[in-house]
Protein chains: 2
Amino acid sequence: MTDTAPAPRTRIQEKNTSAILDAALEVFSQAGFRGATLDQIAKAAGLSKPNLLYYFPSKEAIHVALLSQLLDSWLDPLRRLDPEGDPVDEIVRYVLRKLDMARELPRESRLFANEILQGAPRIHDYITGPLKDLVDEKARLIQSWATAGRIAPVDPHHLIFSIWATTQHYADFDVQVRGILAPGGDAHFDGAAKFLQHLYRRGMAPD
Amino acid sequence: MTDTAPAPRTRIQEKNTSAILDAALEVFSQAGFRGATLDQIAKAAGLSKPNLLYYFPSKEAIHVALLSQLLDSWLDPLRRLDPEGDPVDEIVRYVLRKLDMARELPRESRLFANEILQGAPRIHDYITGPLKDLVDEKARLIQSWATAGRIAPVDPHHLIFSIWATTQHYADFDVQVRGILAPGGDAHFDGAAKFLQHLYRRGMAPD
DNA sequence: GTCTATATAAGGATAGAC
DNA sequence: GTCTATCCTTATATAGAC
């Protein structure tokens with residue numbers, strides 16, 4: 001049941017487990033948990049379905065493994081918000097780091113979005129626990145900057161939400177973004193960076 | 001196949017069809033297309049599964065009916081961006097209208113988000129067609145304001161994306177937002193409105 | 001470790017009585 | 001129009017040979 005980690009020993013196990021996780025990330029992030037099938041994942045991983053279930057006890061276990069390895073890295077950019085740096089610079093750098101993540105890890109972002117959209121059945125404790133704790137801590141930092149007059153007086157929580165929203169949008173709504181902009185690789189990320197930098201530098205500058 | 005509309009005649013048909021659509025919106029928006037089952041929808045609508053299929057030919061048909069009725073209203077706030085109004089005011093009013101939609105129609109927003117996340121299989125033509133056309137038209141309007149020095153010189157497409165992202169976030173990531181903020185109804189929407197108003201008024205003000 | 005074959009269950013859709 | 005019973009496909013998971 002809570003048997004998730006395969007604990008790979010040999011090289012071949014290592015290789016297959018990571019092939020499965022990569023394939024599963026691809027499939028889950030695009031189809032959601034219920035929409036994904038073991039057939040799709042097995043095919044993408046280059047394995048048979050029973051062989052896949054030799055490495056993970058269930059579909060659920062694969063999904064949980066993906067989420068846990070994702071959550072580990074998800075908090076990182078926010079964690080690096082530095083109390084010692086220049087406040088506006090710190091916020092803008094946070095925005096750009098999150099945008100980089102959206103470009104480099106779009107599947108992870110969509111996996112997370114799928115989970116939240118469907119009511120976060122598997123990560124609800126993570127949200128009200130570690131995530132809330134870190135956000136509250138950083139919100140206090142931002143609040144102290146505002147109180148000191150070093151940034152504009154805004155609600156820190158909504159500032160953080162807006163940064164998540166604007167950056168992850170480029171991963172989660174990728175199809176829509178590309179459908180509206182002229183096609184052409186990841187070129188639009190430069191435009192996004194420029195715009196967001198403008199918006200937050202202006203928006204956060206002290207009075 | 002493309003048989004979607006039930007064309008209700010009697011009162012009881014009218015009542016059942018709308019009960020089905022409402023139930024389906026609830027279920028699809030939370031579970032996605034694949035994750036939703038006819039059993040769930042039938043139960044939520046207070047009907048038996050076969051009776052539900054008396055009104056709609058298939059699960060797919062219900063989903064398509066929901067999406068079409070959604071897309072009709074989806075473009076409305078953007079369409080109302082007024083070339084004659086004050087540019088910054090118009091943009092801020094657009095943000096607030098979208099935020100209102102997120103509060104009042106969160107299920108519709110999540111239905112849409114689910115569809116986009118999964119690659120927009122059913123509304124791809126809508127995105128590259130009517131949606132893109134309207135966005136391009138309004139982007140030209142915003143560009144003309146920028147060129148005239150009446151707002152800050154930003155990329156209009158990314159401005160629009162950021163408005164979609166920040167406002168729909170409160171519907172699509174509702175569980176996360178509530179998990180982080182103290183619980184308490186829709187009170188946080190006031191804070192969101194205040195923050196977004198600040199951000200866009202500052203961000204869009206001309207130099 | 002990997003496969004073929006299969007048990008088992010869920011879910012979309014239909015038949016046919018009322 | 002609505003129901004019970006059922007068909008049939010798909011999908012998760014297991015058995016057991018190699």
Side-chain angles (χ1 to χ4, degrees), chain A residues 1-28 30-67 114 118 121-122, chain B residues 1-28 30-67 114 118 121-122:
Chain A
M1 248 349 168
T2 328
D3 186 8
T4 64
R9 303 286 169 192
T10 72
R11 277 162 225 94
I12 189 163
Q13 279 175 339
E14 187 108 20
K15 178 170 159 292
N16 279 341
T17 334
S18 90
I20 291 169
L21 286 175
D22 189 69
L25 177 59
E26 186 71 29
V27 176
F28 279 133
Q30 210 250 329
F33 181 72
R34 292 286 307 273
T37 72
L38 290 180
D39 275 312
Q40 291 175 293
I41 298 172
K43 188 179 177 186
L47 296 171
S48 70
K49 197 161 45 168
N51 198 12
L52 186 153
L53 289 167
Y54 169 78
Y55 287 96
F56 289 86
S58 68
K59 179 183 178 180
E60 173 87 20
I62 304 177
H63 194 247
V64 170
L66 276 178
L67 280 176
N114 257 308
Q118 311 196 352
R122 280 166 266 267
Chain B
M1 257 338 158
T2 330
D3 187 6
T4 62
R9 302 287 169 193
T10 73
R11 277 163 224 95
I12 187 161
Q13 279 176 339
E14 188 106 20
K15 178 171 159 292
N16 279 341
T17 328
S18 90
I20 292 170
L21 287 175
D22 190 68
L25 178 58
E26 187 70 29
V27 176
F28 279 134
Q30 210 250 331
F33 180 72
R34 291 286 307 273
T37 72
L38 290 181
D39 278 311
Q40 291 174 291
I41 298 172
K43 188 179 177 184
L47 296 171
S48 69
K49 194 161 51 165
N51 198 13
L52 187 154
L53 289 167
Y54 168 78
Y55 287 96
F56 289 86
S58 69
K59 180 184 180 181
E60 172 89 19
I62 305 177
H63 194 247
V64 170
L66 276 177
L67 279 176
N114 257 307
Q118 311 198 352
R122 279 166 267 266

Per the salt bridge (charged side-chain N to carboxylate O under 4.0 Å, His left out) rule, what does the pair list look like for residues 30-41 of chain A, sequence neighbours excluded? A:Asp39-A:Lys49
Listed partners of [X] passing side-chain hydrogen bond (donor to acceptor under 3.5 Å, both in side chains), at least two apart:
{"X": "B:Asp22", "answer": "B:Arg107"}
{"X": "B:Gln30", "answer": "none"}
{"X": "A:Gln118", "answer": "none"}

Please name all residues satisfying side-chain contact (heavy atoms from CB on, under 4.5 Å) with B:Leu52, sequence neighbours left out, ordered by chain then number.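 Per chain and number, B:Leu52 pairs via side-chain contact (heavy atoms from CB on, under 4.5 Å) with B:Ile20, B:Leu38, B:Ile41, B:Ala42, B:Ile62.
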For B:Ser18, what residues pass the side-chain contact (heavy atoms from CB on, under 4.5 Å) criterion, not counting sequence neighbours? none
Quick check for you: name the first and last nucleotides of DNA chain D, 5' to 3', having an atom under 4.0 Å from a heavy atom of chain A.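 Here the contact window of chain A covers D:dA11 to D:dT14.
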N/O contacts under 3.5 Å, protein versus nucleotides 11-14 of chain C?
unit_1 : atom_1 : unit_2  : atom_2 : d
C:dG12 : OP1    : B:Ala36 : O      : 3.3
C:dG12 : OP1    : B:Lys59 : NZ     : 3.0
C:dG12 : OP2    : B:Leu38 : N      : 2.8
C:dG12 : N7     : B:Lys49 : NZ     : 3.3
C:dA13 : OP2    : B:Lys59 : N      : 2.9

Chi angles and distances behind the side chain to side chain contact (heavy atoms under 4.5 Å, CB included) call for B:Lys59, B:Phe28: CA-CA 10 Å; B:Lys59 180 184 180 181; B:Phe28 279 134; 4.0 Å; yes
